[in-house]
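A short write-up of the structure that comes next.
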Amino acid sequence: MPELPEVETVRARLEPALVGRRFDRVDIRDSRVTRPVEPMEVAAELEGEVVEAVERRGKYLIVRFQTGRVLLIHLRMTGTLRHARDGVPEHDPHLRVVVNLDDGSDVMYRDVRRFGTWLLLEPGDDTAYLAARLGEEPLTRSFTPAALAARFQGRRAPVKAALLDQRAAAGMGNIYADESLWRARIHPLRPAGDLDETEVKRLHKAVREALKAGIARQGTTLRDYRTPDGAPGRMQTELRVYGREDEPCRRCGSTIAKMRAAGRGTWYCPTCQPVGSNGAEAGP
DNA sequence: AGGTGGACCCGAACGC
DNA sequence: TGCGTTCGGGTCCACC
């Protein structure tokens, strides 16, 4: 599932391919992509637009045009973007959008489960849209232990749920939430507001390190995720807990356990991440 | 108000 | 073997 590291990898690869390019022709084949707006309408609006910048905020990919208009792309679960110069595959039932660029190359948007969205906004409208949904960017300086603590303040929800809230750390998803909690040695079900200063500090550092590790390896490919070149990421072999049920903890050797937290599959080390304690004495 | 759970999707994995 | 069922996950939304 594309989370911050995956979307950032896509952004970094698309940026040089898109900046300065004009959208010559846009073919939106699935009405779900632009719902409730008609695909034809969005396609017509996009044709002729010239890309000024390709940015990212949380899990949103932001394509900024010279007119000031902004295209927000969210890949959700199975969305992938590909950039290629060798044409478009003829038989791909999951191909949802094809953009022909003015240099002859194409951007292809593929999405098996059809959760992903393309939202075209008028100049200036992106700021409020994103601000309403997202908190701090976890890899910028404004993401501080104090900022994270403020988000957790008074919350009785499990820390995993609080961490998945995009207003706590924009771009966090199920994989990196588990990885962060393992790094910080905090049990996923600890009430967020119960974490002491030391724990929040550990978690803050863990979040940044887990996300950076993902970016360094071009993301985690478990099934659908690919970079815009079609290559898989390399983070999946480096994961510490996610998906590693019954395997040994890489820190203490205990058996990794799986449970359900915040309605999601959740993996953790019962020894390194003890419930009902601050975990200060656990693990090396 | 804050927290929880279902809906939206569909391929893969699972169960009989 | 083959078919039906369950699972999963980001975000939104209805409901406690």
Side-chain angles (χ1 to χ4, degrees), chain A residues 1-8 10 28-37 39 56-62 72-81 91-97 109-119 121 126 128-135 137-138 150-181 188-195 207 211 214 219-226 232-233 235-236 239 241-246 258-268:
Chain A
M1 310 109 253
E3 304 179 23
L4 186 154
E6 290 73 31
V7 180
E8 177 56 28
V10 171
I28 302 175
R29 306 176 178 185
D30 178 4
S31 65
R32 272 199 63 94
V33 175
T34 56
R35 202 167 68 170
V37 186
R56 178 196 58 75
R57 189 77 172 80
K59 299 171 195 168
Y60 288 89
L61 192 68
I62 304 172
L72 291 184
I73 300 179
H74 199 302
L75 303 173
R76 298 292 179 100
M77 318 270 310
T78 55
T80 62
L81 282 161
H91 308 290
D92 183 349
H94 302 308
L95 195 53
R96 311 296 180 193
V97 184
Y109 173 69
R110 199 172 176 273
D111 189 356
V112 173
R113 291 189 194 169
R114 306 170 67 207
F115 279 165
T117 52
W118 285 37
L119 176 64
L121 295 175
D126 55 305
Y129 184 90
L130 293 171
R133 291 164 174 78
L134 307 174
E137 273 300 313
R151 282 295 169 187
F152 288 173
Q153 172 78 30
R155 290 196 62 179
R156 294 188 3 240
V159 61
K160 169 143 181 186
L163 202 50
L164 285 172
D165 186 334
Q166 298 300 293
R167 290 166 300 183
M172 185 58 59
N174 203 35
I175 296 174
Y176 296 95
D178 281 4
E179 295 295 295
S180 299
L181 289 167
L189 292 183
R190 291 278 305 287
D194 284 0
L195 301 191
V207 163
L211 294 173
T220 303
T221 296
L222 296 174
R223 184 160 303 157
D224 300 275
Y225 167 73
R226 291 289 186 281
M235 187 61 200
Q236 57 281 4
L239 296 177
V241 281
Y242 186 89
R244 298 191 64 238
E245 188 179 7
D246 295 334
K258 183 183 182 184
M259 63 182 293
R260 209 152 179 86
R264 310 279 164 67
T266 298
W267 289 266
Y268 68 105

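Just so it is clear, the structure is predicted and the values come from calculations on it, not from any experiment. Throughout, protein chains are lettered first and strands after them, A, B, ... in sequence-line order, and every chain is numbered starting at 1.
The distance between atom CZ of Arg114(A) and atom C1' of dG11(B), rounded to the nearest whole Å, is 14 Å. Asp30(A) has its CG atom 16 Å from the P atom of dC8(B), to the nearest Å. Between Asp224(A) atom CG and dG11(B) atom C1' there is a gap of 9 Å when expressed in whole angstrom units. What separates CZ of Phe115(A) from P of dC10(B) is a distance of 9 Å, to the nearest Å. Put simply, NZ on Lys258(A) is 14 Å from P on dA13(B), counting in whole angstrom units.
Across all strands shown, Met1(A) has heavy atoms under 4.0 Å from sugar-phosphate atoms exclusively, and none from any base. Within the nucleic acid shown, Lys160(A) has no heavy atom closer than 4.0 Å to any nucleic acid atom. Across all strands shown, Arg76(A) has heavy atoms under 4.0 Å from base atoms, whether or not it also approaches the sugar-phosphate. The residue Gly263(A) sits apart from the nucleic acid: no heavy atom pair falls under 4.0 Å. Tyr225(A) comes within 4.0 angstrom of no nucleic acid atom, judged by non-hydrogen atoms across all strands.
In this view, Arg167(A) and Asp165(A) satisfy the salt bridge (charged side-chain N to carboxylate O under 4.0 Å, His left out) rule, not counting sequence neighbours. A search for ring-ring contact (aromatic ring centres under 6.0 Å, His included) contacts involving Phe115(A) returns nothing, not counting sequence neighbours. With sequence neighbours excluded, no residue forms a ring-ring contact (aromatic ring centres under 6.0 Å, His included) with His94(A). When the side chain to side chain donor-acceptor pair (under 3.5 Å) test is applied to Asp194(A), no partner is found at least two apart in sequence or on another chain. The side chain to side chain donor-acceptor pair (under 3.5 Å) search around Lys160(A) returns Asn174(A), Asp178(A), Thr266(A), not counting sequence neighbours. Taking Arg113(A) as the reference, nothing meets the salt bridge (charged side-chain N to carboxylate O under 4.0 Å, His left out) condition, with sequence neighbours excluded. In this view, Tyr225(A) satisfies the ring-ring contact (aromatic ring centres under 6.0 Å, His included) rule with no residue, not counting sequence neighbours.
Nearest-nucleotide positions on DNA chain C for Thr266(A) and Tyr129(A) put Thr266(A) closer to the 5' end.
Remark: Arg113(A) is not in phosphate contact with dG11(B), judged by side-chain N or O atoms under 4.0 Å from OP1 or OP2.
Once you apply a 4.0 Å limit to the heavy atoms of chain A, the touched nucleotides of DNA chain C run 5' to 3' over dG8(C) to dC12(C).
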Are there any protein N/O atoms within less than 3.5 Å of an N/O atom in nucleotides 1-4 of chain B, and if so, which ones and at what distance?
from, atom 1, to, atom 2, distance (Å)
dG3(B), OP1, Arg156(A), N, 3.0
dG3(B), OP1, Ala157(A), N, 3.3
dG3(B), OP2, Arg155(A), NE, 3.0
dG3(B), OP2, Arg155(A), NH2, 3.1

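Remark: Gln153(A) CD is loosely packed, at most 12 non-hydrogen atoms of other residues, nucleotides or ligands lying under 6.0 Å away. For Arg29(A), the CZ atom is densely surrounded, since the number of other residues' heavy atoms within 6.0 Å is greater than 12.
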